[in-house]
Amino acid sequence: MSAFLAVYLRELLILRRRLKKHFAAMAVSPLLYMLTFGCALGGGLDLGGRRYIEFLLPGLAAMASMTQAFGIASEINIARFYTAIFEEIQASPAGRTAYALGEVAAALTRMLLGCAVIVLLGMLFGVHLRCGPLFWLAAILNGFAFASLAVALAMAIRSHADQGLLGNFVITPMAFLGGTFFPVDSLPDWARHPLSLLPLTHASRAMRAVALGESPPVASFVILACFGAAFFLFALYAVGKARD
Amino acid sequence: MIVQIDCLVKNYPDVRAVDGLDLEIPDGQLFAFLGPNGAGKTTTIRILAGLTRMTSGAVRIGGVDIERHPRAAKRLCGLAAQQINLDGELTVLENLDFHGRLFAIPRPRRLARAEELLDYVELGGRRDSLVKTLSGGLKRRLMLARALLHEPRLLILDEPTVGLDPAIRRKVWGLIKKANADGVGVFMTTHYIEEAEFLADRVAFMHQGRLVADGPPTAIMKRLGGWAVDRYGPTGMTTEYYADRAAAAERLELGGAAATLRRVNLEDAFLALTGKRVQ
């Protein structure tokens, strides 16, 4: 417990010191997406009696739950290859579960802040999402899955330069294909089935359904939990293998 | 014994960094590993600290096998790595607190020990400064304090004064001596001859992954005799060794102005054994 808190509180202290920059960074991309896709391109679009921006906003929140949680990979990368703080942790009796949980908890904290920023931005655009407990549960499950994946991949990469590849091969494709900007369910089967294998598709589906007052898709919650469990086990394995 | 190393081997894809190392270090000894870059010193230290996996062999810290019981072994060690691995975004005190939490030291003890060590390394006035604002020397002192925070039986120091100016280096030496006088065993690497001579009870030379000499610095130097005459000629410098000063002085007179007389040092011993210089 003490080692978990050490890792978690260290990340929180760093987050607190950079909070203004983080808030600005959390707001910029969603704001641009809302302006370009929500207002400019999709301004006149009607999706089953809803404005496109109402459809878009829960998707952006789901995407933020992925990107903000996955962002912990950058912090771990710095700790491994730049400040070498990770070696300080490796040389301590902290177990790999405590370490991985500490990083994942820090990622979830960032993720919750990121989602909250989007909900607040939505209010500025006149969109009021129904952010009940199930909305946040879906965000947390998705965040847990991507934070665990971030820990695992940050352990697996061999250099600072590889960090950029994670974004290119994991986050960007997921962001565009995971149901943020369009309803995956309206696609033909050949496209819909593979995209249903992405965790973000289920996060978008679950968060959008809850936010728009529809019945929550239970299967998506279960699938997100399964992704989270699998990625966390991968993270534990990768942390254990991180010694050279 | 605080350290027992049996037939330690570490292979990397293209090189054998440590080649069958056997070593025993009694409790409380100040031991220095001396050798040039690439000799295998840092690899050995990283294995001891649990940062690098050994290929074969066995290592015990205070009788605890580091592969079978890594967490128990790590509790006995305090590491100050060669690279400054403090968190620049945290304050001096926060860095110590982070370390204390990693070692599960209860909060009252953690804070008391941190204050005690900040006084010890004369950083009490900078406790709330961000580490990124400290000089290299202050960071090295903080790393030493951090390594001692959980009261280890063995202090592992990898090139503890690398990159420091001579005055600061002597300050760090004083702190290492003080920790050792308080009963903490020290296992350090260095490629500074004078550092090993000044600090160590016992020195081992490492060359190409193997031990080539091991003993008290004075005993190792005595093998060459106590005195050396360096003669500078057209093909470079040659050194001759003499058991007593009078014989060396006599040779010095023959050498004229192009010769100097000095005491034998560990560099001479390393050169004689390996044909290479440490520094």
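In this text, all values refer to a predicted model and were calculated from it rather than measured experimentally. Convention: sequence-line order gives letters A, B, ...; per-chain numbering from 1.
Residues A:M111 and A:Q68 come closest through the heavy atom pair CA-CB, 3.6 Å.
The greatest number of non-hydrogen atom pairs below 4.5 Å with chain B, out of A:A242, A:A79, A:A91, is found for A:A91. Residue with the most contacts toward chain A among B:I156, B:N85, B:D97: B:N85 (heavy-atom pairs, distance under 4.5 Å).
For A:F86, no part sits under 4.5 Å from any heavy atom of chain B, backbone or side chain. Of the atoms belonging to B:T43, not a single heavy atom falls under 4.5 Å from chain A. Using a 4.5 Å cut-off between heavy atoms, B:Q83 contacts chain A through its side chain alone, with no backbone atom that close. Interface residue A:L9: only side-chain heavy atoms are found under 4.5 Å from chain B.
Within 6.0 Å of CZ on A:R18 lie more than 12 heavy atoms contributed by other residues, nucleotides or ligands.
Among B:N180, B:L23, B:V3, the single residue meeting the side chain to side chain contact (heavy atoms under 4.5 Å, CB included) criterion with B:F31 is B:L23. Tested against B:H150, the residues B:I105, B:L76, B:L102 include a single side chain to side chain contact (heavy atoms under 4.5 Å, CB included) partner, B:I105.
The pair A:R110-A:E11 fails the salt-bridge criterion, with no side-chain N (NZ, NE, NH1 or NH2) lying under 4.0 Å from an Asp/Glu carboxylate O.
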